[in-house]
Amino acid sequence: MEEPNKANRNIIGIITGYFLIYVVWGSTYFFIGIALKELPPFLHGALRFTAAALILLGICHLRGEKIFRRSLIKRSAVSGIVLLFIDMAVVMLAQRYLTSSLVAIIASSTALWILLLDAPMWKTNLRNPLTIAGGIIGFGGVILLYLEQLNAANLHPHSERGILLLIFGCISWALGTLYAKYRSSREEEVNAFAGSGWQMLFASGMFWICSAVNGDMQRTDLLNVSSASWLSLAYLIFFGSLLAYSAYVWLLKVRPAAEVGTHAYVNPFIAVLLGVTMGNEQVTFTQLGGLFIILLGVMLISRKQKKKQPPEPI
């Protein structure tokens with residue numbers, strides 16, 4: 001039987017973890033937008049994840065975690081590239097064409113992909129008519145947003161590219177989440193975070209390569225980058241990566257993947273709130289409608305079908 005104090009600590013940890021992936025992650029879309037005004041996407045990712053990885057791995061080493069296990073490093077490399085590098089690169093590239101609010105709205109479809117690509121749960125999920133209906137409704141919302149970007153003359157001329165990039169990023173994040181859930185997270189104990197550090201380090205390596213190929217360092221004068229961009233980057237390092245991402249990986253160890261994926265319910269509302277109030281971004285009724293349609297689909301998929309009760313004896 002679990003000790004009361006330990007159980008209370010677990011509950012507090014879970015509540016804190018969900019706050020971080022719900023609220024803090026929702027705010028990162030806004031701060032990414034600020035940082036990208038002066039930092040190129042690949043250089044931004046390289047600086048962010050290198051700093052976060054080295055700090056986290058250093059903390060894990062001081063806590064006595066075995067951070068150099070071959071199997072942990074190998075599986076963390078896959079998670080880091082698929083879960084972090086591809087998704088974050090896509091998000092940052094997409095924000096060249098879209099507002100942070102719209103990026104967060106489209107990213108809410110990630111929960112759809114997690115549930116629909118979770119092969120071990122297909123037998124359960126695809127027998128539920130609510131899952132099928134939710135999938136159709138949710139993807140209808142994504143298509144609605146894409147068509148708006150394709151036809152709206154007053155938006156960025158290539159905004160539809162941002163939509164396609166984000167859909168690809170959502171699929172990558174879902175696949176990385178499921179890999180972390182079923183493979184890499186099993187390589188360490190519940191309260192160990194070395195895997196998160198290695199994932200960020202491998203992601204940063206990919207960002208450095210892309211940054212070098214793209215010539216970001218030659219085109220960027222770091223001394224002239226404003227304090228607002230540096231402060232946004234610092235916020236993303238400490239709150240977005242060290243705290244929120246580590247909380248995400250930890251929650252995947254202790255809670256179902258579909259439940260952890262519900263951060264997609266809250267992130268868009270936080271991002272839209274910050275974008276409208278602090279960033280003076282415009283959100284259309286079509287975008288809000290698409291958001292609610294996507295979330296309706298996700299909630300239908302997440303809803304468990306009631307089991308039929310046997311008839312009571314007469």
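Model, not experiment: these values are computed from the prediction.
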When you compare the side chain of Q199 with that of I81, does any pair of heavy atoms fall below 4.5 Å?
no
Evaluate the side-chain proximity of F49 to I237: yes if any heavy-atom separation is below 4.5 Å, no if none is.
no
Side chain S172, main chain V82, donor-acceptor under 3.5 Å
yes
Find out whether L222 and L39 are in side-chain contact, i.e. whether some heavy atom of one side chain is under 4.5 Å from a heavy atom of the other.
yes
Identify, with sequence neighbours excluded, every residue that meets salt bridge (Lys or Arg N to Asp or Glu O under 4.0 Å) alongside R219.
D216
Report yes if the side chains of W198 and I67 come closer than 4.5 Å at any heavy-atom pair, otherwise no.
yes
Could you go through W25 and Y248, starting from their C-alpha distance and side-chain angles, then the distance that decides it, and tell me whether this counts as ring pair (Phe, Tyr, Trp, His ring centres under 6.0 Å)?
CA-CA 10 Å; W25 253 359; Y248 184 74; 4.9 Å; yes
Have T28 and Y235 got a donor and an acceptor in their side chains that come within less than 3.5 Å?
no
So, does E65 use its side chain to make a donor-acceptor pair with the main chain of F193 at under 3.5 Å?
yes
Taking C-beta and beyond as the side chain, do R48 and M88 meet within less than 4.5 Å on heavy atoms?
yes
Step by step, work out the ring pair (Phe, Tyr, Trp, His ring centres under 6.0 Å) result for F207 and F85.
CA-CA 7 Å; F207 276 115; F85 168 68; 4.9 Å; yes
Tell me, do V249 and Y245 make a side-chain contact under 4.5 Å, heavy atoms counted?
yes
Per the side chain to side chain donor-acceptor pair (under 3.5 Å) rule, what does the pair list look like for residues 269-279, sequence neighbours excluded?
none
Taking the side chain as everything from C-beta on, heavy atoms only, tell me whether I209 gets closer than 4.5 Å to F42.
no
